[in-house]
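Note that this is a predicted model, so its numbers are computed, not measured. Letters A, B, ... mirror the listed sequences (proteins, then strands); counts begin at 1.
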Amino acid sequence: MTRVPETAADLVEFRRWVVRQAASGAMTGADTETTGLDTFARHYRLRTVQIGDARDAWVLQVEGRPEMQEAARWALLTLPRLVFHNATFDLLVLDRHLRAPLEELGPKSTDSKIIAHLFDPRPRHEGGYGLKLKDLCARDVDPSAPDTQEDLTAVFHSIGETKDTGWAKIDINHPTYLQYAGLDAILVSRLLPVLEARLRKAGVRESLVSFEHAVMLVCAKMERRGMLVDQDYVRPLVGRLEEEAALHAGRASKYGVTSVNAPKQVSTALLAMGETLILPGNSKPERTDSGALKVDKEVLQYLADVDREWKRIGARTPNPLADAVLRSKRAGKWAKSYGVAMRDGIDDAGRIHPKINSLQARTARMSISSPPLQQLPSGDWTIRRALLPEPGHRIFSVDYSAVEMRVLAALADEGVMKRAISEGRDLHGFTAELIYGPDYTSFHRKLCKGVGFGKVYGGGSVTLSRQTGAPLPDVKKAVAAYDRTYRGIKRYSSRLQREARADGYIVWTPVGRRLPLDRDRVYAATNYAVQSTARDVLCQALLDMEDRGLTEHLYLPIHDECLGSAPEEIAEDVAREVGAAMSMDFFGVPLDTDPEVGGSSWGSLYMKKAGTMIANDSWYAAHPQAAHAAELARA
DNA sequence: CCAGGCAGCCAC
DNA sequence: AAACGTGGCTGCCTGG
């Protein structure tokens with residue numbers, strides 16, 4: 001039953017319930033309703049706080065009501081154990097909008113999404129149990145439960161709003177809204193014991209559960225800190241990128257392409273120009289999964305006669321439409337996905353707070369969204385230049401050296417490879433020398449590097465041949481030689497696959513993580529184990545850094561890297577200490593780090609690399625003020 | 001009209 | 001024998 005306190009007498013009753021619940025020591029379900037997902041945005045509001053057990057829920061309408069806020073805050077601080085679904089979100093909302101500190105609520109909170117992920121990390125559409133509260137409850141709590149989410153969406157539509165915008169506008173007294181709110185607190189209370197029992201039964205250890213909750217809290221602190229945006233840089237940047245996108249879109253329109261993002265238009269127009277869309281060495285054009293003609297970057301770059309670095313090849317006459325589409329799409333993506341996201345995503349203090357999903361992928365890898373800072377263009381400093389360390393600080397980055405190869409060597413216990421790594425050899429050069437002798441060429445080294453990546457990713461010779469441009473027979477020979485040289489890797493890979501088949505298509509990693517495999521892609525077992533373990537290595541480092549008091553310097557984890565800042569005078573020392581926390585011995589393999597201290601923007605760490613397609617220099621000549629801002633980062 | 005699938009592209 | 005992995009996000013397009 002859902003109760004919505006109105007009077008002072010109602011609140012007295014609520015407080016009595018809280019006291020009883022606290023005394024029992026039981027787990028309490030908790031949830032919030034807000035105006036949206038952008039917790040740090042200017043006009044963000046916390047609307048309701050829900051607290052409940054398996055039977056009853058209290059919905060406190062805290063929006064604009066100090067006495068309700070105080071009651072909710074007191075209850076959350078008083079209750080000894082809380083369970084949220086996707087706790088980071090609610091904890092940060094409560095930290096910022098209810099003055100209930102992350103440091104207080106975090107340590108006593110359980111995240112049912114973490115428990116679900118540790119049993120089966122797959123969303124429903126990938127054949128898993130699902131990770132959304134609704135998916136899980138439909139299965140484990142009450143298959144016949146009313147679909148309040150759908151009802152609520154219908155209400156949003158009835159008031160002229162959408163699934164995304166209704167949250168801020170719906171009447172706080174709307175019965176469907178209140179029912180939906182209360183039900184989630186009840187559902188999460190009922191769900192947790194079921195998930196925990198299943199996790200125990202599957203043999204996943206308790207230490208992994210606490211590990212993930214500790215990682216979640218460190219990441220929540222980073223998310224709360226956020227990162228400063230250089231607004232004087234990013235505003236003109238967006239304008240410039242939009243201009244560039246429009247300029248090239250105009251060129252494309254001369255060939256009948258009204259939208260460069262419509263592949264069908266692009267392929268039709270190219271065919272009309274007499275292009276066959278057949279890549280060199282092929283007999284047929286590439287097609288997408290649904291059978292449409294493929295006009296992706298690879299095809300267009302061939303037609304535009306440029307290589308992957310946008311340099312002119314000279315093999316054919318460049319197709320002007322392909323060139324225009326490429327340039328317009330790239331400038332458009334940079335403007336919208338990165339520029340606008342940074343420009344419009346800031347809080348009152350000019351900071352963005354990218355969401356750090358600490359336990360996300362099937363392999364447990366993290367992801368970062370809103371904006372996606374893990375995937376800003378890295379060949380050029382243009383976009384990263386928009387993000388700044390604290391005033392007077394320097395930005396730093398510490399990454400692992402070839403961590404996935406090293407983790408693979410350790411997991412496979414591949415003696416020859418482990419020795420080469422321990423001796424500090426250049427691994428790919430070492431491999432090339434073993435296979436091709438002391439006179440190996442740089443191409444041999446590149447090939448060996450590719451074969452190594454193929455092992456990590458589970459790729460085959462055909463893919464590798466395409467990527468490197470090396471003839472298929474040569475690649476096959478190299479792969480065979482690699483397997484002979486590093487027998488441990490093939491042995492490990494076969495063993496993982498054999499065990500997985502015998503054990504319900506599950507790969508178990510060294511931390512005791514359970515990774516489900518797709519039956520038709522058992523070869524991915526090695527990649528899963530390596531990617532997942534490399535992720536756990538970085539997370540362990542995050543916890544070590546938390547213990548050393550370094551979290552306050554960190555902005556983001558990026559797969560094999562930590563980004564942070566520190567005051568100019570101590571930046572070198574802090575970066576070194578972060579490197580020391582990250583460095584470790586992993587089953588006899590040293591995991592080394594490479595600390596790098598930059599200047600006063602993230603872009604400063606990417607300025608050695610020359611600009612590529614976008615004509616920075618000429619544009620800056622026309623915009624001296626922005627040029628000056630860019631110079632500051634260079635210094 | 002919106003939700004969701006597809007195609008494409010950004011990262012590690 | 002051979003099999004490239006994990007995400008986020010935007011615009012287009014279509015089905016409901």
Side-chain angles (χ1 to χ4, degrees), chain A residues 121-123 125-126 150 153-154 156-157 160-166 245 249 258-267 286-301 325-326 328-338 340-341 354-355 357 360-380 383-384 399-400 402-404 408 450-467 476 479-480 493 497 515 517-518 520-532 534-535 538 556-561:
Chain A
R122 295 169 298 179
H125 61 85
E126 281 181 33
E150 265 178 30
T153 306
F156 290 173
H157 289 160
E161 299 293 333
T162 70
K163 207 178 162 190
D164 296 325
T165 61
T258 57
S259 169
V260 294
N261 289 308
K264 192 151 181 252
Q265 282 189 31
V266 174
S267 58
E286 305 272 317
R287 297 204 174 254
T288 68
D289 287 343
S290 62
L293 287 167
K294 204 165 202 173
V295 277
D296 64 0
K297 199 169 163 180
E298 188 186 6
V299 174
L300 293 178
Q301 283 187 326
V325 170
L326 277 168
S328 180
K329 278 170 77 173
R330 178 152 118 156
K333 181 175 175 67
W334 285 26
K336 198 88 169 82
S337 295
Y338 310 130
V340 171
K355 295 190 179 304
N357 312 299
Q360 174 68 13
R362 181 186 297 213
T363 57
R365 247 191 181 197
M366 301 190 196
S367 73
I368 295 180
S369 55
S370 311
L373 295 197
Q374 278 177 331
Q375 58 210 62
L376 301 186
S378 62
D380 180 290
I383 299 294
R384 295 185 195 236
D399 65 346
Y400 285 111
V403 69
E404 289 187 327
L408 176 59
V451 176
F453 272 108
K455 296 297 166 194
V456 168
Y457 289 145
S461 302
V462 174
T463 310
L464 191 53
S465 164
R466 279 185 62 120
Q467 277 174 357
K476 284 188 168 165
V479 171
S493 203
Q497 295 185 38
L515 303 180
L517 276 174
D518 297 333
D520 54 343
R521 295 192 309 152
V522 179
Y523 62 86
T526 311
N527 169 258
Y528 283 11
V530 169
Q531 189 181 100
S532 185
R535 176 271 186 193
L538 185 70
L556 295 173
I558 310 180
H559 302 314
D560 68 341
E561 171 191 357

- Which part of the nucleic acid, if any, lies within reach of A:S370 when heavy atoms closer than 4.0 Å are counted: base, sugar-phosphate only, or nothing? sugar-phosphate
- CD of A:E286 versus P of B:dA7: gap in Å, rounded? 14 Å
- Write down the atom of A:E161, the atom of A:G166, and the distance for their closest heavy-atom approach. CB-CA, 3.7 Å
- Message: Taking only side-chain N and O atoms of A:K163, does any of them lie within less than 4.0 angstrom of OP1 or OP2 on B:dG4?
- Response: yes
- In whole angstroms, how far is the P atom of C:dA3 from the NZ atom of A:K455? 11 Å
- Message: Applying a 4.0 Å non-hydrogen cut-off, can you work out what A:T463 is touching in the nucleic acid: base, sugar-phosphate, or nothing?
- Response: base
- Establish, with yes or no, whether the OP1 or OP2 oxygen of C:dT6 is under 4.0 angstrom from a side-chain nitrogen or oxygen of A:R521. yes
- A:S259 side-chain N/O to C:dC12 phosphate OP1/OP2 under 4.0 Å: yes
- Task: Looking only at non-hydrogen atoms, find the nearest pair between A:S367 and A:Q360 and report the distance.
- Result: OG-CG, 3.3 Å
- For A:Q265 and for A:G459, find the nucleotide of DNA chain C with the closest heavy atom, then tell me which residue's nucleotide is more 5'. A:G459
- Query: Does the side chain of A:E298 come within less than 4.5 Å of A:R466's, by heavy atoms?
  - Reply: yes
- Nearest to the side chain of A:A524, which nucleotide is it out of C:dG5, C:dG11, C:dG7? C:dG5
- Using the salt bridge (Lys or Arg N to Asp or Glu O under 4.0 Å) rule, take A:D380 and A:R330 through it: C-alpha gap first, then chi angles, then the decisive distance, then the call. CA-CA 13 Å; A:D380 180 290; A:R330 178 152 118 156; 5.4 Å; no
- Task: Taking all heavy atoms of A:N357 and all of A:S369, pick out the closest pair and write down the distance.
- Result: ND2-OG, 3.7 Å
- Item | Sugar-phosphate only, base, or nothing, as touched by A:Y528 at under 4.0 Å among non-hydrogen atoms | sugar-phosphate
- Under 3.5 Å: donor-acceptor pair, side chain of A:R365, backbone of A:Q531: no
- note: A:L538, atom CG; C:dT6, atom C1'; distance rounded to Å ~ 15 Å
- Non-hydrogen side-chain atoms of A:E126 and A:P123 separated by less than 4.5 Å: yes
- Query: Do any side-chain nitrogens or oxygens of A:T363 fall under 4.0 Å of OP1 or OP2 in C:dG5?
  - Reply: no
- Bend across the helix from B:dC1-C:dG16 to B:dC12-C:dG5, to 10°, with axes taken over 5 pairs at each end? 10°
- Item | Atom-pair distance (CG on A:D518; C1' on C:dG5), nearest Å | 12 Å
- Query: Atom CE of A:M366 and atom P of C:dG8: how far apart are they, to the nearest Å?
  - Reply: 14 Å
- Message: Quick check on B:dG4: is either OP1 or OP2 less than 4.0 Å from any side-chain nitrogen or oxygen of A:H125?
- Response: no
- Considering only B:dA3, C:dT6, C:dA3, which nucleotide approaches the side chain of A:T162 most closely? B:dA3
- Item | Given DNA chain C, 5'-ward residue of the pair A:P123 and A:S337, judged by closest heavy atom | A:P123
- Task: Pick base, sugar-phosphate or nothing for A:K476, based on heavy-atom distances below 4.0 Å to the nucleic acid.
- Result: sugar-phosphate
- Separation of C:dA1 P from A:Q497 CD (nearest whole Å): 14 Å
- Query: Would you say the side chain of A:S378 lies within less than 4.5 Å of the side chain of A:R384, judging by non-hydrogen atoms?
  - Reply: yes
- Measure across A:V260 and A:K329 and return the closest heavy-atom pair with its distance rounded to 0.1 Å. O-CD, 3.5 Å
- Interatomic distance, A:D164 CG vs B:dC2 C1' [rounded to whole Å]: 10 Å
- Task: May I ask you to check whether A:Q265 and A:S259 show a side-chain donor-acceptor distance below 3.5 Å?
- Result: no
- Query: Base, sugar-phosphate, or nothing: which does A:I368 touch, judged by heavy atoms less than 4.0 Å apart?
  - Reply: sugar-phosphate
- Heavy-atom closest pair (A:Q497 atom, A:Y523 atom, distance to 0.1 Å) is NE2-CA, 3.6 Å
Which atoms of nucleotides 8-12 of chain B (N or O only) lie under 3.5 Å from a protein N or O atom, and what are those distances?
unit_1 : atom_1 : unit_2 : atom_2 : d
B:dG8  : OP1    : A:V295 : N      : 3.2
B:dG8  : O3'    : A:K329 : NZ     : 3.2
B:dC9  : OP1    : A:K297 : N      : 3.0
B:dC9  : OP2    : A:K297 : N      : 2.8
B:dC9  : O2     : A:K333 : NZ     : 3.3
B:dC10 : OP2    : A:K297 : NZ     : 2.5
B:dC10 : O4'    : A:Y338 : OH     : 3.3
B:dC10 : O2     : A:Q375 : NE2    : 3.1
B:dA11 : OP1    : A:S378 : N      : 2.8
B:dA11 : OP1    : A:S378 : OG     : 3.4
B:dA11 : O4'    : A:Q375 : O      : 3.4
B:dC12 : O3'    : A:D560 : OD1    : 2.9
B:dC12 : O2     : A:R365 : NH1    : 2.8
B:dC12 : O2     : A:R365 : NH2    : 3.2

- To the nearest Å, give me how far apart OH (A:Y523) and C1' (C:dA1) are. 14 Å
- Item | Sugar-phosphate only, base, or nothing, as touched by A:V462 at under 4.0 Å among non-hydrogen atoms | sugar-phosphate
